[in-house]
Amino acid sequence: MSSVERPELAAVPETALWTLWQRAVEARRPDAVLHDPVAVDLVGRIDYPFAERFGTSGFQSQFQALRVACFDREVADFLAREPRGTVVCLGEGLETQYWRVDNGRAHWLTVDLPEMIALRERLLPPGPRRRLLAADATDLRWADEVDRDRAVLVTTQGLCMYLPPARVKALIAGCADRFPGGSMVVDAVPRWFARLAVSGRMRTAAYRVPAMPWAMDAGERDKLRTASPAVTAVRDVRPAGGRGLLGALLPLALTAPWLASHRPSVTVLDFAEDPGPGR
């Protein structure tokens with residue numbers, strides 16, 4: 001394995017480097033809200049102008065870390081209930097969640113585009129309980145690779161906002177059908193943020209955030225039930241903690257009606273044990 005990697009990625013896969021950078025910036029702090037030494041190590045092993053391209057914002061990196069921590073909590077809770085369950089990470093990029101929350105018994109499956117899987121294989125090689133699959137996450141044939149005798153949690157961190165709305169709905173419905181009794185964790189950007197991304201106004205001097213075709217205000221989360229009758233519950237996962245200005249503003253963002261309804265969101269969808277006849 002090369003000690004230095006020089007990735008060349010298309011616009012959406014490149015967002016994996018953006019999220020990696022934000023986690024590493026936060027993790028380097030002595031008062032970090034997310035401890036991620038593997039992310040710090042990866043940034044040191046990748047030949048890429050992270051700071052020049054993405055900038056360095058303590059507010060942004062902390063906000064990203066708090067979002068990631070929402071996923072970590074849900075995965076950790078799942079593994080506490082189902083120690084030998086399977087975590088399926090769709091569009092995982094260079095996420096290092098396994099090293100933060102793995103319990104030593106769970107199984108992990110990463111599904112991502114071929115170019116990202118090739119990069120992940122070099123930087124984060126699979127192990128006995130970690131498999132990598134090069135596939136389009138919206139093509140549900142990857143589900144055939146999942147052991148149905150184990151409890152399943154599907155995560156889509158940083159994925160759905162880059163998909164057309166119809167494909168988001170189809171992905172949720174497909175997972176609900178294939179994993180009875182399972183759950184799915186979905187994050188979404190609010191509509192105002194997606195409009196800024198589409199218009200090209202979400203950018204640094206050297207980087208433009210890709211367009212985000214799918215967006216959902218936090219107050220709209222119950223609409224996710226319409227993806228499938230097998231979606232039996234929808235639950236908001238709220239960020240917790242934080243320091244400085246962000247820590248002071250977070251309670252307001254979670255309780256003030258307009259802000260609470262128009263903030264970024266992380267949502268858990270629970271699936272019916274029995275999808276029902278004809279499904």
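Index from 1, following the sequence.
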_Test side-chain contact (heavy atoms from CB on, under 4.5 Å) applied to L133 and I117, step by step_ = CA-CA 7 Å; L133 179 63; I117 289 294; 5.8 Å; no
W214 and M212: side-chain contact (heavy atoms from CB on, under 4.5 Å), yes or no, with the steps?
CA-CA 6 Å; W214 181 71; M212 299 178 178; over 6 Å; no
- Query: side-chain contact (heavy atoms from CB on, under 4.5 Å) between L224 and T267: does it pass, once the steps are laid out?
  - Reply: CA-CA 9 Å; L224 294 175; T267 304; 4.0 Å; yes
How far apart are the C-alpha atoms of Q157 and E95, what are their side-chain angles, what is the distance that settles it, and do they pass the side-chain contact (heavy atoms from CB on, under 4.5 Å) test?
CA-CA 9 Å; Q157 186 181 164; E95 175 56 64; 3.3 Å; yes
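Interatomic distance, OG1 of T156 versus CD of E92, reported as 11.5 Å (0.5 Å rounding). Rounded to the nearest 0.5 angstrom, S265 OG and R238 CZ are separated by 11.0 Å. For the atom pair NE2 of H35 and CG of D72, the computed distance is 11.5 Å after rounding to the nearest 0.5 Å. Once rounded to the nearest 0.5 Å, the distance linking CG of L159 with CG of D187 reads 8.5 Å. Taking CD of E14 as the start and OG1 of T19 as the end, the distance is 11.0 Å to the nearest 0.5 Å. In this structure, the separation between CG on D77 and CD on E74 is 5.5 Å, given to the nearest 0.5 Å.
Proximity of a side-chain donor or acceptor of W192 to a complementary backbone N or O of H262 within less than 3.5 Å is detected. No donor-acceptor pair closer than 3.5 Å links the side chain of W108 to the backbone N or O of R129. Judged by distance alone, with hydrogens and angles left aside, the side-chain atoms of R131 form a donor-acceptor pair with the main-chain N or O of E145 at under 3.5 Å. In terms of modelled atom types and a separation under 3.5 Å, the side chain of T155 and the main chain of M184 share no donor-acceptor contact. At least one donor-acceptor pair closer than 3.5 Å links the side chain of Q62 to the backbone N or O of R243. With hydrogens and angles ignored, the 3.5 Å screen pairs a side-chain donor or acceptor of N103 with a backbone N or O of A106.
Using a 4.5 Å heavy-atom threshold, the side chains of V209 and L196 count as separate. Residues L171 and V154 form no side-chain contact, since every pair of their non-hydrogen atoms from C-beta on lies 4.5 Å or further apart. At a threshold of 4.5 Å between non-hydrogen side-chain atoms, the residues L42 and L123 count as touching. The closest side-chain heavy-atom distance from V237 to R235 is below 4.5 Å. Residues P180 and E273 fail the side-chain proximity criterion, which asks for heavy atoms closer than 4.5 Å. Within the 4.5 Å cutoff, the side chain of F193 has no heavy atoms near those of the P264 side chain. Inter-residue side-chain proximity for T110 and R120 is flagged as met; some heavy-atom pair is nearer than 4.5 Å. With a 4.5 Å cut-off on side-chain heavy atoms, S261 and D217 do not count as touching.
The residues R45 and D41 are annotated as salt-bridged, a charged nitrogen and a carboxylate oxygen being separated by less than 4.0 angstrom. The residues R150 and E82 are annotated as not salt-bridged, no charged nitrogen and carboxylate oxygen being separated by less than 4.0 angstrom. With respect to R23 and E26, no salt bridge is recorded, no charged nitrogen being found less than 4.0 Å from a carboxylate O. One finds a salt bridge joining D36 and R100 here, because a Lys/Arg side-chain nitrogen approaches an Asp/Glu carboxylate oxygen to under 4.0 Å. Checked for salt-bridge contact, R167 and D136 meet the test: a charged N lies under 4.0 Å from a carboxylate O. A salt bridge does not link R178 to D144: none of the charged nitrogens lies less than 4.0 Å from a carboxylate oxygen. With respect to the salt-bridge test (charged N to carboxylate O, under 4.0 angstrom), the residues R263 and D236 qualify.
A donor-acceptor pair shorter than 3.5 Å can be found between the side chains of S183 and D270.
Residues V40 and W99 are members of separate hydrophobic clusters, defined by side-chain heavy-atom contacts under 4.5 angstrom among Ile, Leu, Val, Met, Phe, Trp and Tyr. Follow the hydrophobic side-chain contacts under 4.5 Å out from V152 and you reach W142 in the same cluster. A continuous path of ILVMFWY side-chain contacts below 4.5 Å connects L153 to Y98, so both sit in one hydrophobic cluster. In this structure, V268 is a member of the same hydrophobic cluster as L79, with clusters built from ILVMFWY side-chain heavy atoms closer than 4.5 Å. Criterion: ILVMFWY side-chain heavy atoms under 4.5 Å apart, direct or through other members. Under it, M161 and V111 are not part of a common hydrophobic cluster.
For the residue pair A151 and F78, the shortest heavy atom distance occurs at O-CZ, 3.5 Å. Listed here is the closest heavy atom pair of R67 and Q64: NH2-NE2, 2.8 Å. A pairwise comparison of heavy atoms in L254 and P239 identifies CD1-O, 3.7 Å as the closest pair. Residues V68 and L34 approach most closely at CG1-CD2, 3.9 Å, considering heavy atoms. In terms of heavy-atom proximity, S228 sits nearest to A176 at OG-CB, 3.9 Å. For the pair I172 and A227, the tightest heavy-atom approach, listed with the atom from each and the gap, is CG2-CB, 3.6 Å.
A parallel orientation is assigned to the rings of F50 and W21, their planes being inclined by less than 30° (bins at 30° and 60°).
Counting heavy atoms of neighbouring residues, nucleotides and ligands inside a 6.0 Å radius, atom CZ of R84 does not exceed 12 of them. When the shell of 6.0 Å around CZ of F179 is examined, it contains more than 12 heavy atoms from other residues, nucleotides or ligands.
Within the 6.0 Å centre-distance limit, the rings of F54 and Y48 are counted as a close aromatic pair.
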